[in-house]
**Q** 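The structure is given below, and queries will be raised subsequently.
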Number of protein chains: 4
Amino acid sequence: MYASPPIPPGTVALEDYEQAARRRIAPEAWAYIAGGSADELTLAANRAAFRRLRLRNRVLAEMTGAHTRLSLFGQELAFPILMAPVAFQRLVHPDGEKAMAFGAAAVGAGMVVSTQASQSLEDIAGVARTQGAQAPLWFQLYIQHDRGFTEALIRRAEAAGYQALVVTVDAPVSLRNTEQRAGFRLPAGIEPVNLRGMAPPPPNRAGPAESEVFQGLLDGAPSWRDIGWLRGLTRLPVLLKGIMAPEDAARAVAEGVDGIIVSNHGGRALDTLPASIEALPLVAEAVAGRVPVLMDGGIRRGTDVLQALALGARAVLVGRPCVYGLAVGGPVGVIHVLKILRTELEIAMALTGRARLEQIDRTVFWEEQGAPAGGSAPCTPPRTPV
Amino acid sequence: MYASPPIPPGTVALEDYEQAARRRIAPEAWAYIAGGSADELTLAANRAAFRRLRLRNRVLAEMTGAHTRLSLFGQELAFPILMAPVAFQRLVHPDGEKAMAFGAAAVGAGMVVSTQASQSLEDIAGVARTQGAQAPLWFQLYIQHDRGFTEALIRRAEAAGYQALVVTVDAPVSLRNTEQRAGFRLPAGIEPVNLRGMAPPPPNRAGPAESEVFQGLLDGAPSWRDIGWLRGLTRLPVLLKGIMAPEDAARAVAEGVDGIIVSNHGGRALDTLPASIEALPLVAEAVAGRVPVLMDGGIRRGTDVLQALALGARAVLVGRPCVYGLAVGGPVGVIHVLKILRTELEIAMALTGRARLEQIDRTVFWEEQGAPAGGSAPCTPPRTPV
Amino acid sequence: MYASPPIPPGTVALEDYEQAARRRIAPEAWAYIAGGSADELTLAANRAAFRRLRLRNRVLAEMTGAHTRLSLFGQELAFPILMAPVAFQRLVHPDGEKAMAFGAAAVGAGMVVSTQASQSLEDIAGVARTQGAQAPLWFQLYIQHDRGFTEALIRRAEAAGYQALVVTVDAPVSLRNTEQRAGFRLPAGIEPVNLRGMAPPPPNRAGPAESEVFQGLLDGAPSWRDIGWLRGLTRLPVLLKGIMAPEDAARAVAEGVDGIIVSNHGGRALDTLPASIEALPLVAEAVAGRVPVLMDGGIRRGTDVLQALALGARAVLVGRPCVYGLAVGGPVGVIHVLKILRTELEIAMALTGRARLEQIDRTVFWEEQGAPAGGSAPCTPPRTPV
Amino acid sequence: MYASPPIPPGTVALEDYEQAARRRIAPEAWAYIAGGSADELTLAANRAAFRRLRLRNRVLAEMTGAHTRLSLFGQELAFPILMAPVAFQRLVHPDGEKAMAFGAAAVGAGMVVSTQASQSLEDIAGVARTQGAQAPLWFQLYIQHDRGFTEALIRRAEAAGYQALVVTVDAPVSLRNTEQRAGFRLPAGIEPVNLRGMAPPPPNRAGPAESEVFQGLLDGAPSWRDIGWLRGLTRLPVLLKGIMAPEDAARAVAEGVDGIIVSNHGGRALDTLPASIEALPLVAEAVAGRVPVLMDGGIRRGTDVLQALALGARAVLVGRPCVYGLAVGGPVGVIHVLKILRTELEIAMALTGRARLEQIDRTVFWEEQGAPAGGSAPCTPPRTPV
């Protein structure tokens with residue numbers, strides 16, 4: 001049904017998919033997909049932070065009956081990994097989001113579809129559901145300058161069977177030098193089809209000596225009031241994505257949102273933010289269990305997933321690696337990427353002696369206990385919030 | 001009017017200008033301009049310190065009416081970025097400081113003209129003012145061994161309309177191995193024209209076994225007494241540039257100076273000094289708001305400007321990047337460099353939820369709060385002075 | 001008797017053997033032997049941790065009568081270094097484990113023979129004993145899914161004269177991307193000969209949407225109950241290998257084991273574990289002298305051995321370097337590797353003023369004492385457990 | 001008189017001499033001279049520790065009458081830099097130690113002549129004194145297995161006019177893999193001429209299974225008793241070189257020595273020792289001013305010298321850079337190296353506002369004061385001993 005090119009031999013980990021995808025994706029599109037903002041410090045931090053964390057293994061634990069199931073907003077997941085929202089997936093595969101949805105559904109992974117999908121949200125939902133999959137299907141929403149169009153978009157998502165709204169709040173403006181240097185433009189035939197028919201934004205009102213940002217780009221950017229408006233519009237669970245500051249998380253809960261996704265937009269929004277995994281425990285502490293906390297950013301290994309769960313995430317989202325799977329092997333690549341990650345998570349659970357997700361807590365980390373040998377700097381474990 | 005060569009495509013950030021300028025500037029001049037002192041540890045530290053700082057984003061903030069205006073010594077600035085004093089700008093462009101002044105004035109950026117300018121201070125001021133610009137125009141002063149000549153220089157600056165004196169105090173001697181290795185000499189036709197007619201320094205009085213430094217180079221170096229003398233000579237605001245130690249900042253305020261510029265001379269004076277941004281909060285604490293504190297050294301991104309303001313600077317100075325802009329694109333390059341930096345600052349303000357400069361305080365930083373995940377070493381935020 | 005190729009000139013340290021072996025071993029086998037799990041973070045950590053530790057020298061100490069002898073489980077060792085269990089040594093030398101045993105016996109080094117040896121455990125023991133060596137000969141045991149076969153294996157080891165059982169507990173599953181990428185397969189004629197005749201494992205019972213790990217690979221994995229069963233089966237000392245967590249060490253002692261080997265399986269089991277040398281002092285503290293603690297992982301220098309002893313190890317095991325010695329020079333290479341390490345240990349003892357192993361304690365380390373010069377990060381010494 | 005090859009243009013710092021020397025010295029001799037022990041961790045640490053230290057500049061200080069003079073054991077030095085003992089200087093220049101002595105005397109630098117000099121100690125002293133130089137001339141002593149010969153050597157040094165004995169105590173054995181790999185041997189015609197006529201050491205008494213180190217190489221190694229013997233033999237000041245541990249420093253003072261040289265033998269004795277500059281403040285604290293403390297190891301810049309003095313050294317010794325000067329430019333190179341370092345020290349004093357050596361104390365360092373900006377890890381200053 002969907003093109004599934006042969007996967008190169010030796011492609012056994014998510015980083016192998018990244019290498020292979022780099023050879024298959026046009027350089028301009030690669031700059032857009034793989035790049036981050038400004039100096040890409042936060043992009044790099046997302047990975048580096050995971051590489052610094054250290055686990056403690058546990059031996060000879062009883063693993064009978066082990067599993068990775070969980071429930072989220074009343075929906076069942078076979079494992080705590082969702083496909084993150086990524087725009088314009090037809091950049092890497094002719095069937096774009098539909099091929100992605102096919103792959104995700106085949107392994108029972110949840111999927112979050114982007115406002116900027118290159119295929120209609122109804123078509124994508126159709127693919128996801130004809131597979132008979134029970135996994136969550138959520139819609140990612142950028143609140144548009146045209147609030148009426150935004151409401152219509154929500155109604156379409158509800159009608160198409162999406163089960164939650166993920167409102168991205170961290171990128172009203174951004175600074176993407178990597179894609180600018182590469183001269184990235186959307187190729188002919190690829191566009192945000194779900195935004196067709198929306199009124200164009202008002203013309204930039206900045207005078208010659210004024211600010212393009214403050215007298216232009218930010219017009220129409222959402223504020224907390226829009227979250228209240230949105231919360232009143234729909235009965236779907238509403239999650240905010242892009243929260244890093246504990247204060248913002250607390251405010252979001254107070255505004256009635258149903259979930260938080262800790263994220264720095266994959267290093268694509270404000271550069272010099274810390275890694276998502278560094279913000280996660282602080283946000284989790286501020287939320288204090290009132291709503292589920294998820295995270296994305298830098299997940300490449302099953303040990304990363306385990307660490308995120310241990311620091312307060314109920315589930316994680318994975319973006320670029322799934323796109324790389326799609327680019328390399330179509331839906332088969334997506335399936336493979338998700339299976340690798342699930343299997344690696346299970347291995348990490350087995351080797352840390354955790355038979356169920358609820359058992360994954362901070363004791364999985366190597367703790368210094370005031371007595372590490374050999375200089376602790378490179379393997380400092382997370383500290384417990386007081 | 002001024003030569004403005006085409007700017008290479010993909011030149012979208014200040015570091016792109018640096019790469020492009022390296023291809024346009026003669027190697028010997030490059031060594032002089034881009035190099036630092038000794039092992040260039042401080043030169044590197046200026047950039048590295050900014051790269052380690054981590055911000056916290058804030059979402060959904062109200063940004064209506066946001067702007068970057070400020071007032072300094074009774075002068076209005078559209079944004080808190082000034083062109084730092086840099087000597088001999090004709091090394092990179094035939095119109096040197098005049099082309100620079102034209103570019104700075106076009107975007108409303110303040111400019112500090114060097115004692116060692118390669119064009120007359122009157123001509124530069126003329127360009128700056130014919131543009132009708134309101135931005136500050138300041139004169140950087142090296143106190144010369146000939147104090148009478150120094151006084152005459154001040155009178156010329158006053159007469160030409162300069163609005164402040166920036167006295168550089170951190171480099172009575174220095175050690176510039178990079179330019180020595182490159183064999184840098186001022187090319188024919190480029191000289192410190194504003195020092196013409198000054199009496200030559202007395203001959204070196206060091207005997208064969210004596211010290212060239214202590215019995216020679218330091219003769220005529222200024223001391224605190226000269227600051228008192230200078231303070232009494234002029235009604236212009238006097239700033240000291242090159243302060244890093246809080247004790248020196250406190251002394252400067254006690255001596256009646258009107259402003260402090262935290263600087264390590266762009267890594268060109270004493271090597272092994274810390275980054276300017278590391279000294280800034282200590283100096284700001286010592287000054288305690290009695291006079292404005294500015295800083296330079298390593299600013300390449302709008303996030304750097306935001307961080308400097310958050311750590312106590314009222315404004316920042318940018319040197320080499322403007323020179324690179326001049327080398328690459330003439331006044332158009334200068335304008336582009338300054339616009340990039342201003343826009344990046346505004347984006348950083350928007351993504352940290354700060355609508356005015358006064359709102360930029362230490363809460364923009366990612367604070368550890370005793371609970372970071374993942375090992376804090378690489379993203380340690382600044383600590384608050386007690 | 002055994003092939004001993006010429007050793008390249010300039011092969012004077014264990015790392016030289018590694019370089020030389022890389023040129024002699026087929027790339028697929030090299031990936032299997034030298035590789036670690038996943039991203040090889042733990043593999044790298046094992047070496048990096050030793051490289052960070054700093055010793056303090058002591059001068060003019062009395063070294064008369066110095067020696068490295070010790071007693072372990074009633075057995076005498078000339079020096080505290082054993083050959084670690086390594087599978088399939090015929091991958092690097094036609095005479096495999098027998099050549100290794102010959103070399104180890106020649107210098108009086110203890111040897112631990114792997115369950116996955118490529119030669120019969122009886123033949124290997126025969127070589128070790130015909131040398132007349134008194135050094136310990138131990139058998140490494142993977143508890144097989146077939147417990148009856150496992151018991152028979154133990155009986156064979158007892159009958160062949162093995163003096164202890166080393167039960168590896170840290171790798172019921174693992175993730176070896178490096179060898180997967182290299183396409184490693186056991187070559188024709190190399191197999192785990194000591195497992196011949198064992199019943200095959202039951203077929204994988206995982207359904208299509210189920211977990212290969214939790215409904216398959218872990219079936220038959222040992223748990224603490226098996227340790228009790230094993231402890232009752234034999235009168236040989238039983239050591240558990242692969243302990244990193246102090247809790248597991250305490251449990252092992254409570255279960256009646258006779259020794260602990262701190263190990264992360266040479267970085268081949270769970271990636272993101274800390275270095276073995278970082279776990280050692282915590283395990284030693286938990287064990288509190290009730291049974292001997294040994295360690296392996298990253299030992300390449302005599303100073304590493306000294307540091308391990310100072311942090312609580314009675315002896316160390318060395319795996320890959322001995323295999324590299326075997327690959328490069330046959331038994332002569334093994335002898336050379338072990339002699340280098342022993343001599344380096346003696347030099348380290350001499351230069352830290354320790355005439356006997358019992359004198360090697362934490363005072364060999366450079367302690368900060370609150371007063372290091374120059375930034376302590378890279379040379380942080382181990383801290384004493386409270 | 002002595003061969004002085006032309007010095008390449010652009011040779012303006014000690015590291016330039018190192019680069020140039022590498023091109024002039026035979027690879028085997030380079031491995032011997034530039035190499036360290038084992039993995040050269042300590043060799044690298046000596047430089048890295050200085051590169052981490054951060055100074056604070058002071059501006060506008062009064063520098064009238066500034067100088068670098070000091071008195072040591074009743075001898076006057078124009079500046080606090082001595083030529084460290086280095087063996088076999090004829091490896092790099094046909095006139096070896098005599099050319100070195102000529103250069104050192106020409107600039108008034110003290111010199112320590114090695115027991116393993118490749119020229120007679122009397123000839124070297126003759127060169128040093130015919131220059132009319134007043135700078136210290138000291139003799140470095142390895143206590144030989146033949147104590148009678150050792151005493152005779154001391155008598156020769158006294159008779160030749162050496163003014164102090166520097167007893168090296170940190171290298172009774174060592175591990176020089178770099179020079180082993182390079183196959184270094186003393187070329188024909190170069191030998192330790194001052195040891196001619198000494199009885200050969202007793203044959204190695206180690207049996208085949210015994211230790212070459214403990215039953216061989218260490219026979220005849222000196223102990224504290226030998227220091228007492230030596231102290232009673234001569235009226236010259238006796239310094240111990242190679243002390244890193246404060247306990248050893250305290251013991252040395254108690255044994256009546258006249259000075260301590262903190263040193264790790266330039267990274268050539270026990271690898272994994274910290275940098276000399278890291279040990280210096282601890283040793284200085286233990287000595288508490290009872291005898292002068294000197295240091296060597298890693299000095300390449302005037303700022304390094306300033307930092308060493310600030311951490312407790314009365315003077316520093318410089319080895320390899322002087323040898324590189326000799327290799328590159330004969331005595332002229334030596335003179336240039338020493339002048340560069342002296343001038344750099346003076347610049348560092350001027351820019352930190354220190355007019356005399358006594359003013360160089362810990363306030364020259366950038367102190368954190370609990371409030372650095374930007375993450376302090378890379379510029380951590382030294383902490384004050386409690």
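Labels below follow one simple rule: chain letters A, B, ... track the order of the sequence lines, proteins then strands, and each chain is numbered from 1.
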**Q** I need the D:N57 CG to B:T42 OG1 distance, nearest 0.5 Å.
**A**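 Reported to 0.5 Å precision, the distance equals 9.5 Å.
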**Q** Give the interface residues of residues 6-21 of chain D toward chain B, defined by a heavy-atom separation under 4.5 Å.
**A** D:G10, D:V12, D:A13, D:D16
**Q** I need the residue from D:E62, D:R300, D:E346, D:H67 with the largest number of non-hydrogen atom pairs under 4.5 Å to chain B.
**A**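 Heavy-atom pairs under 4.5 Å are most numerous for D:E346.
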**Q** Examine whether an atom of D:R301 lies under 4.5 Å from a heavy atom of chain B, and if so say whether it belongs to the side chain, the backbone or both; otherwise answer neither.
**A**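 Just its side chain gets close to chain B.
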**Q** How many angstroms lie between CD in B:E247 and OG1 in D:T363, if you round to the nearest 0.5 Å?
**A** 8.0 Å
**Q** Quick one: what part of B:R225 sits under 4.5 Å from any heavy atom of chain D, side chain, backbone, both or neither?
**A**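 Only the side chain of B:R225 comes within 4.5 Å of chain D.
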**Q** Please step through side-chain contact (heavy atoms from CB on, under 4.5 Å) for the pair D:R342 and B:S211, ending with a clear verdict.
**A** CA-CA 9 Å; D:R342 176 187 180 171; B:S211 159; 4.2 Å; yes
**Q** Can you say whether B:D271 sits under 4.5 Å from chain D via the side chain, the backbone, both, or neither, judging by heavy atoms?
**A** backbone
**Q** Can you name the closest pair of heavy atoms from D:I347 and B:S174 and give their distance?
**A** CD1-O, 3.9 Å
**Q** B:L270 versus chain D, heavy atoms under 4.5 Å apart: side chain, backbone, both or neither?
**A** both
**Q** Could you give the distance from CG (B:L217) to CE (D:M63), rounded to the nearest 0.5 Å?
**A**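 If I round to the nearest 0.5 Å, the distance is 12.0 Å.
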**Q** For residues B:S223 and D:A61, report the shortest heavy-atom separation together with the two atoms involved.
**A** CB-O, 4.4 Å
**Q** Of the backbone (N, CA, C, O) and the side chain (C-beta and beyond), which part of B:A221 lies under 4.5 Å from a heavy atom of chain D, both, or neither?
**A**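 Looking at B:A221, nothing touches chain D.
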**Q** Show, in sequence, the C-alpha distance, side-chain angles and deciding distance for D:T343 and B:E212, and conclude whether the side-chain contact (heavy atoms from CB on, under 4.5 Å) test is met.
**A** CA-CA 7 Å; D:T343 298; B:E212 288 174 32; 5.5 Å; no
**Q** Verify the neighbour count for atom CZ of D:R24: are there more than 12 heavy atoms of other residues, nucleotides or ligands below 6.0 Å?
**A** yes
**Q** Using heavy-atom distances under 4.5 Å, tell me whether B:I143 contacts chain D through its side chain, its backbone, both, or neither.
**A** neither
**Q** Name the one of B:D226, B:D248, B:L240, B:I243 that satisfies side-chain contact (heavy atoms from CB on, under 4.5 Å) with D:L60?
**A** B:L240
**Q** Do B:T272 and D:Q307 pass the side-chain contact (heavy atoms from CB on, under 4.5 Å) test, and can you show the C-alpha distance, the side-chain angles, and the key distance before you say yes or no?
**A** CA-CA 10 Å; B:T272 76; D:Q307 290 163 354; 4.0 Å; yes
**Q** For B:R314, enumerate each residue passing the salt bridge (charged side-chain N to carboxylate O under 4.0 Å, His left out) test, keeping only those at least two apart in sequence or located in another chain.
**A**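 If we apply the salt bridge (charged side-chain N to carboxylate O under 4.0 Å, His left out) test to B:R314, skipping adjacent residues, there are no hits.
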**Q** Under a 4.5 Å heavy-atom cut-off, does chain B meet the side chain of D:T303, its backbone, both or neither?
**A** side chain
**Q** How long is the straight-line distance from CG of B:D39 back to CZ of D:F50, given to the nearest 0.5 Å?
**A** 12.0 Å
**Q** How close do B:Q215 and D:A66 get, heavy atom to heavy atom, and via which atoms?
**A** NE2-O, 3.8 Å
**Q** Minimum heavy-atom separation for B:L282 and D:W366, please, with both atom names.
**A** CD1-CZ2, 3.6 Å
**Q** Quick check for you: among B:L41, B:L273, B:V213, which has the greatest number of heavy-atom pairs under 4.5 Å with chain D?
**A**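 Max contact count across the listed options: B:L273.
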**Q** For B:R231, enumerate each residue passing the side-chain hydrogen bond (donor to acceptor under 3.5 Å, both in side chains) test, keeping only those at least two apart in sequence or located in another chain.
**A** B:D258
**Q** Which pairs count as salt bridge (Lys or Arg N to Asp or Glu O under 4.0 Å) when at least one residue sits in residues 166-178 of chain B, sequence neighbours excluded?
**A** B:R176-B:E179
**Q** If I take atom CG from residue B:N264 and atom CG from residue D:L351, how far apart are they, to the nearest 0.5 angstrom?
**A** 12.0 Å
**Q** Does B:E278 pair with D:R54 as a salt bridge, N-O distance under 4.0 Å?
**A** no
**Q** For a quick test of reading the model, state the closest non-hydrogen atom pair linking B:F214 to D:T68 and the distance between them.
**A**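 For B:F214 versus D:T68, the nearest heavy atoms are CE1-CG2, 3.9 Å.
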